[in-house]
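Since the structure comes first, as structure tokens, the remarks are kept for the end.
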2 protein chains.
Amino acid sequence: MKLEEAREQFIQAWGTLGSSWGINKAMAQIQAILLIAPEPLSTEEIMEQLNISRGNANMNIRALIDWGIVHKVYKTGERKDFFTSEKDIWELARRVATERKRRELDPVLKMLQQVSKVDDSSSREVKEFKKITASIEKFGHKAASTLDMFAKADQHWFFGLFTRKKR
Amino acid sequence: MKLEEAREQFIQAWGTLGSSWGINKAMAQIQAILLIAPEPLSTEEIMEQLNISRGNANMNIRALIDWGIVHKVYKTGERKDFFTSEKDIWELARRVATERKRRELDPVLKMLQQVSKVDDSSSREVKEFKKITASIEKFGHKAASTLDMFAKADQHWFFGLFTRKKR
DNA sequence: CTAAACTTTCAAAAAATATTGAAAGTTTTA
DNA sequence: TAAAACTTTCAATATTTTTTGAAAGTTTAG
């Protein structure tokens, strides 16, 4: 297989994966090309490689920087900005997990906390509502601490947990 | 807080959470109302509670059934179909995790396997490509077995792993 | 069998999301 | 300081995704 073909497959698949996880396809694809680029790329190079406009490139690069997984690099003698991706996959996963927890899980936990104050009543509706939301809240907190653990953990320790014997 | 208000908050938040994870908002909201419903609901009841059309309700209910997290229930003496959600949150999470692994992670692992056959070369481009894709593949396999473990594990054992001391 | 009750499908419309490109803004060089 | 080099913004446009509703399909009761 030629590099060009492999690159294309990788970029496409990464974009599709991103899409199904609610991430803009262009954003995922920019990250893909930065991942496999041996050198930081300029906005022009990104635009050209993905056939996207300057505005699109700019906005999505910024979003990636906000996620903390792409960094601006200054090259001496060059005026334009260059960009590089975090290349350590473990670190990448940690950043994404931490960020998504903060943006998506935490607000839900806050909401569950809120709704637990629903007026007590003997109605089946209220009982069921409380029961379910409480169980989700409990699960959510466990998931949150697992993510916190993941964010701080050493890779080998973390994955090792699952391949060792019970007890 | 009144039940109506709490319900509304819960349904909205569940829909938003779904959206940010690439799941149709209506689909997530249908699941939300089924979760907190003490009894199975009919298509009519779902349409009314969420203000959505019959076609929309029908398609998204089917999608939820395909995910294995909503079930059709037959009520004796009733001609129409009723639906109920899996109420055990741990089981729900397992189903979703298993399904998403199958739909999203597995294809990426397959692609990575494919592109690892890229023609060898001493070019920096090929070297970097191989290095990164190999590291993603390695990580992906570890994530896959962790998910498989999660899918089979007992809840208390699984979460317990993270709260116990290292070593 | 047949008509009522109910479910499914899908083309068209609406809504949401992503993309463009050019103007405005900023920084650097000479 | 002027203008070239580069970046950012955002209204308009294009694309994708979701939703609708009515027609077609299916099942059940009588």
Side-chain angles (χ1 to χ4, degrees), chain A residues 11-34 39-67 70-84 103-104, chain B residues 11-34 40-67 70-84 100 103-104:
Chain A
I11 294 166
Q12 280 308 118
W14 207 246
T16 303
L17 181 65
S19 287
S20 54
W21 286 78
I23 284 156
N24 182 319
K25 195 172 159 187
M27 180 170 157
Q29 291 185 333
I30 290 172
Q31 214 256 319
I33 62 169
L34 291 177
E39 289 288 334
L41 300 180
S42 67
T43 303
E44 263 81 16
E45 289 168 316
I46 292 168
M47 288 164 60
E48 192 188 323
Q49 291 194 29
L50 296 176
N51 266 292
I52 59 175
S53 70
R54 183 173 299 282
N56 194 359
N58 186 278
M59 283 168 125
N60 284 117
I61 290 167
R62 174 139 45 84
L64 286 163
I65 292 174
D66 286 347
W67 276 76
V70 160
H71 308 285
K72 214 179 258 201
V73 173
Y74 299 100
K75 280 200 185 177
T76 48
E78 286 274 15
R79 228 158 122 174
K80 51 184 134 189
D81 296 340
F82 288 79
F83 304 94
T84 190
R103 298 184 192 194
E104 295 146 22
Chain B
I11 294 166
Q12 280 307 118
W14 208 247
T16 303
L17 181 66
S19 287
S20 54
W21 287 77
I23 283 156
N24 183 319
K25 195 172 159 186
M27 180 170 157
Q29 291 186 332
I30 291 171
Q31 214 257 319
I33 63 169
L34 291 177
L41 300 179
S42 67
T43 303
E44 264 80 15
E45 290 168 313
I46 291 169
M47 287 164 59
E48 192 188 323
Q49 290 194 29
L50 296 176
N51 266 292
I52 59 176
S53 70
R54 182 173 301 282
N56 195 359
N58 185 279
M59 284 169 125
N60 284 117
I61 291 167
R62 174 141 43 87
L64 286 164
I65 291 173
D66 286 347
W67 275 75
V70 159
H71 308 286
K72 214 179 258 201
V73 174
Y74 299 100
K75 281 200 184 177
T76 48
E78 286 274 15
R79 222 156 126 178
K80 52 183 134 187
D81 297 340
F82 288 79
F83 304 94
T84 190
R100 295 199 80 148
R103 297 184 192 194
E104 294 147 22

From CA spacing to verdict: side-chain contact (heavy atoms from CB on, under 4.5 Å), B:K75, B:K80: CA-CA 8 Å; B:K75 281 200 184 177; B:K80 52 183 134 187; over 6 Å; no
Under 4.0 angstrom between B:N56 side-chain N/O and D:dT20 OP1 or OP2: yes
Verdict with supporting geometry, B:Y74 and B:D81, side-chain contact (heavy atoms from CB on, under 4.5 Å): CA-CA 6 Å; B:Y74 299 100; B:D81 297 340; 3.7 Å; yes
Side-chain donor or acceptor of B:E48 paired with backbone N/O of B:E45 under 3.5 Å: no
Length of the NZ-C1' vector between B:K25 and D:dT17, whole Å: 14 Å
Distance in angstrom units between A:N24 CG and D:dT17 P, rounded: 11 Å
Value in whole Å for how far the C1' atom of D:dG21 lies from CE of B:M47: 10 Å
Distance in angstrom units between B:K75 NZ and D:dT28 C1', rounded: 19 Å
Rounded distance in Å - CZ (A:R79) to C1' (C:dT26): 11 Å
Nearest-nucleotide pick for B:K80, side chain only, options being C:dT20, D:dT7, C:dC6: C:dC6
OP1 or OP2 of D:dT8 under 4.0 Å from side-chain N/O of A:N58: yes
Spatial distance of atom OG (A:S53) from atom CE (A:M59) [nearest 0.5 Å]: 9.0 Å
Atom-pair distance (CD on A:E78; P on C:dT29), nearest Å: 12 Å
Atom-pair distance (CD1 on B:I52; P on D:dT18), nearest Å: 13 Å
Separation of C:dT19 C1' from A:I46 CD1 (nearest whole Å): 16 Å
A:M59 side-chain proximity, nearest of C:dT7, D:dT18, D:dC10: D:dC10
Phosphate OP1/OP2 of C:dT9 contacted by B:R62 side-chain N/O (<4.0 Å): yes
Candidate nucleotides D:dT8, C:dT7, D:dT19, ranked by approach to the side chain of B:D81 - the nearest: C:dT7
Given B:I61, B:I33, B:I30, the one that forms side chain to side chain contact (heavy atoms under 4.5 Å, CB included) with B:F83: B:I61
